[in-house]
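Note sheet for the following structure.
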Amino acid sequence: MTLTVYNTLTRQKETFQALEANKVRMYCCGITVYDYCHLGHARTCLVWDVVRSYFEWLGYEVNYIQNFTDIDDKILNRAKKEGTSMEDVSERFIQAYFEDMSRMGIRQADAYPRATHTLDGIKRLVAELEAKGFAYPADGDVYYAVKKFSDYGKLSGRKLEDMQTGASGRVDTPEAEKKQDPCDFALWKAAKEGEPSWDSPWGAGRPGWHIECSAMVRERLGETIDIHVGGSDLTFPHHENEIAQSEAATGQSLANYWLHNGMVKVDGEKMSKSLGNFTTIRDLLDKPVDAMAMRLFILQAHYRKPVDFTNEAIAAATNGWETLREGLLFGDRFGQDLGFTDSATIAKSEESELIRQRFKDAVNDDFNFTAGLAVLFEMAKELQKEGHIIVHQRKTATDPQKLATLWYTLIELSAVLGFKAELKEETVNDGLTDAEIEQLIEQRAAAKKAKNWAECDRIRDELKDQGISLIDTKEGTTWHSV
RNA sequence: GGUGGCAUAGCCAAGUGGUAAGGCCGUGGAUUGCAAAUCCAUUAUCCCCCAGUUCGAAUCUGGGUGCCACCUCCA
């Protein structure tokens, strides 16, 4: 099966075809940097980072760009409230963004252009739109005339006449009088007292909200790109307006595929700043919730569907991650004893290829990571079970070659989805030597023989405090570190 | 009012014409001094409701109900 993606533009799944063979040009609408990122941002960043990794795994070279919008009313408001500057606020939250994403295990994009670094491109674009009759100046502002762009509404499936503009509050704003149509939007805003501004042919001012993305896409990736992604709440008006700006200016299609991820919900409602029902990434990870469990939570729902954030869901994902983690650590724990070597040869094995193909078939269907995870869990469960057998019996009857195949394949495919496990600091020798442990086990065996159950339990608890778990079997007691 | 989407077991969730993936939780049994851990087995005759198309539908069509998102800032 070839890769198909659901294109918001056409409202159907389409076979993915890159503009340039084996290359993908991908742009993700990033964040406005006025506060800490919440789980909604995490989902967006994580999903598209995984999509990018999947493309790479398929053999594509991906140029992945994500912007920071660092000129905005909300940033200015915050700066005003804090008595700091716009730069101060945005710089602080950009740093926080990188910290949070790093903790989430999300890779960095190839570039993070900022609105404040793209002023020349923005002004050029506005000038072009004005020259072509798609924009008009009004009292220091410049507006985009939506009626001039015949395709306006093609992405979000709206018609200008259907939009009940009166209900939106747009009509009540001071800008409304300057607009030729209530749906017209600002490309450039005249400078206000005490706010940062830049010189322009229309006077001092700053860019409107949507124009920076049009400029950044063009500057970094060209006039037509393969994929433009973002949260579904950006479909209208942000992406619609981007299309209007870019396509009116260049005469070219802005992006061949428009992909949108679903929202994170809390108690059935969208998580958002305005509702105040958000959990920031740092609060969640500080709780602590494992970043990998969070990743599993996100990837266990299809990217286009909304996902409900509940403590129960996080608990389930935490347990699920534990299973996956045990599979991922199998080779680290037992590989040496089982003689695991040469991952390259194993990767080419028929069985590995078969699993890889199943994973690919699943995920190729519009990035169905959820179905792909089922393949991972199959392997992880089997390895987990084998690990238990080895811990309990100190050996396994299963062919090590088969286990090696499962393990290496699991590692490879998990990495595509960003799952990585690290062996925790072993506490085995933290205070107790193997000999001491064995001695305690012997003491316990003696107590056991004497039916001194209190002493038995005491020794077991003592070892448990040291991170040693005892397992009683018919052949005697074995132990392993937790 | 307009537009888009969703409804599958206790919870989460995949599946878009061929007879219900996966995760979490649970249950029965084995084992055990009791536990823990582990092992074995097991968990939707059915996919919101009604009607239709079809040899056959969770999957297609029509109608209904409920929920969500966007139309204002939003990932």
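All figures in this text were calculated on a predicted structure; none of them were measured in a lab. Order of the sequence lines fixes the chain letters, A, B, ..., with proteins taken first and strands second; residue numbering starts at 1 for each chain.
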Touch class at under 4.0 angstrom, heavy-atom based, for A/Val264 against every strand present: base
Separation between the P atoms of B/G5 and B/C47, rounded to whole Å: 24 Å
Test item: side-chain donor near acceptor, A/Thr405 and A/Glu351, under 3.5 Å: no
Nucleotide B/C6, atom C1' - distance to NZ of A/Lys270 in whole Å: 16 Å
Span that lies between the P atom of B/U53 and that of B/U61, in whole angstrom: 15 Å
Integer angstrom distance from the P of B/C67 to that of B/U8: 14 Å
Residue that, paired with A/His228, satisfies ring pair (Phe, Tyr, Trp, His ring centres under 6.0 Å) out of A/His239, A/His238, A/His260: A/His239
Spacing of A/Asn277 atom CG relative to B/C68 atom P, expressed in whole Å: 13 Å
Atom pair distance, as rounded to whole Å: CE in A/Met263 and P in B/G4: 18 Å
Whether A/Arg295 side chain and A/Gly105 backbone form a donor-acceptor pair below 3.5 Å: yes
Tabulated below should be each protein N or O lying under 3.5 Å from an N or O of nucleotides 46-48 of chain B; please produce it.
none

B/U3 - base-pair partner by Watson-Crick or wobble geometry, distances under 3.5 Å: B/A69
Pairwise 5' ranking along RNA chain B for A/Cys29 and A/Ser232, keeping only the more 5' one: A/Ser232
B/G33 base / A/Asp457 side chain donor-acceptor hit below 3.5 Å: yes
Donor-acceptor pair between A/Tyr143 and A/Asp181 side chains, under 3.5 angstrom: no
A/Asp151 side chain vs A/Lys154 backbone, donor-acceptor pair below 3.5 Å: no
Option passing side chain to side chain contact (heavy atoms under 4.5 Å, CB included) with A/Trp258 (candidates A/Thr235, A/Leu9, A/Val229): A/Leu9
Sugar-phosphate, base or nothing in reach of A/Thr235, heavy atoms under 4.0 Å: nothing
Criterion ring-ring contact (aromatic ring centres under 6.0 Å, His included) on A/Tyr64 and A/Tyr27, from CA distance to verdict: CA-CA 6 Å; A/Tyr64 181 58; A/Tyr27 182 90; 8.8 Å; no
Sugar-phosphate, base or nothing in reach of A/Arg444, heavy atoms under 4.0 Å: base
Pairing nucleotide - B/C47, Watson-Crick or G-U, each distance under 3.5 Å: none
I'd like a list of close polar pairs between nucleotides 36-43 of chain B and the protein, N/O only, cut-off under 3.5 Å.
from	atom 1	to	atom 2	distance (Å)
B/A37	O2'	A/His392	NE2	3.4
B/U38	OP1	A/His388	NE2	3.4
B/U38	O4'	A/His392	NE2	3.3
B/C40	OP1	A/Lys385	NZ	2.9

A/Asp233, nearest nucleotide to its side chain (from B/C71, B/C34, B/A75): B/A75
Lys/Arg-Asp/Glu bridge criterion (N-O < 4.0 Å) met for A/Glu240, A/Arg158: no
Distance between C1' atoms of B/C55 and B/U19 (Å, rounded): 13 Å
A/Phe367 vs A/Phe55, ring-ring contact (aromatic ring centres under 6.0 Å, His included): CA-CA, chis, key distance, verdict: CA-CA 10 Å; A/Phe367 305 114; A/Phe55 269 119; 5.8 Å; yes
Rounded distance in Å - CG (A/Asp162) to C1' (B/C70): 14 Å
Sidechain N-carboxylate O distance under 4.0 Å for A/Arg103, A/Glu99: no
Pairing nucleotide - B/U54, Watson-Crick or G-U, each distance under 3.5 Å: none
Side chain of A/Trp453 - closest among B/C68, B/C70, B/G33: B/G33
Side-chain donor-acceptor contact under 3.5 Å, A/Thr44 with A/Asn261: yes
Protein-nucleotide distance (A/Trp258, atom CH2; B/A75, atom C1'), rounded to Å: 14 Å
For RNA chain B, the residues among residues 34-53 of chain A that have a non-hydrogen atom under 4.0 Å from it: A/His38, A/Gly40, A/His41, A/Thr44
P gap between B/A13 and B/G23, integer Å: 16 Å
For A/Tyr34, all residues meeting side-chain hydrogen bond (donor to acceptor under 3.5 Å, both in side chains), sequence neighbours excluded: none
Strand partner of B/C24, provided both Watson-Crick or wobble distances fall under 3.5 Å: B/G10
Ring-ring centroid check A/Tyr97 A/Tyr36, cutoff 6.0 Å: no
B/A41 versus B/U54 - spacing of their C1' atoms, nearest Å: 39 Å
Separation of atom CD in A/Glu269 from atom P in B/C6, rounded to whole Å: 20 Å
Integer-rounded Å distance: B/A69 P and A/Met271 CE: 13 Å
Whole-Å P distance, B/G15 and B/G56: 26 Å
First of A/Gly268 and A/Gly157 reached from the 5' end of RNA chain B, by closest nucleotide: A/Gly157
Pairwise P distance for B/A20 and B/U59, with rounding to whole Å: 14 Å
Min side-chain heavy-atom separation A/Lys402-A/Glu382 under 4.5 Å: yes
Nucleic acid footprint by protein, nucleotides 15-29 of chain B - heavy-atom cut-off 4.0 Å, B for base, S for sugar-phosphate alone: S-----BSSSS----
Counterpart residues, side-chain hydrogen bond (donor to acceptor under 3.5 Å, both in side chains), relative to A/Lys270 (two or more places apart): A/Asp233
Residue pair A/Val51 / A/Met26: nearest heavy atoms and the distance that separates them: CG1-CE, 3.9 Å
Nucleotide paired to B/C39 in any strand shown, Watson-Crick or G-U, under 3.5 Å: B/G29
For atom NZ of A/Lys159 and atom C1' of B/C70, their distance in whole Å: 17 Å
Shortest non-hydrogen separation from A/Gln245 to A/Ser214 and the atoms involved: OE1-OG, 2.8 Å
Sugar-phosphate only, base, or nothing, as touched by A/Gly262 at under 4.0 Å among non-hydrogen atoms: base
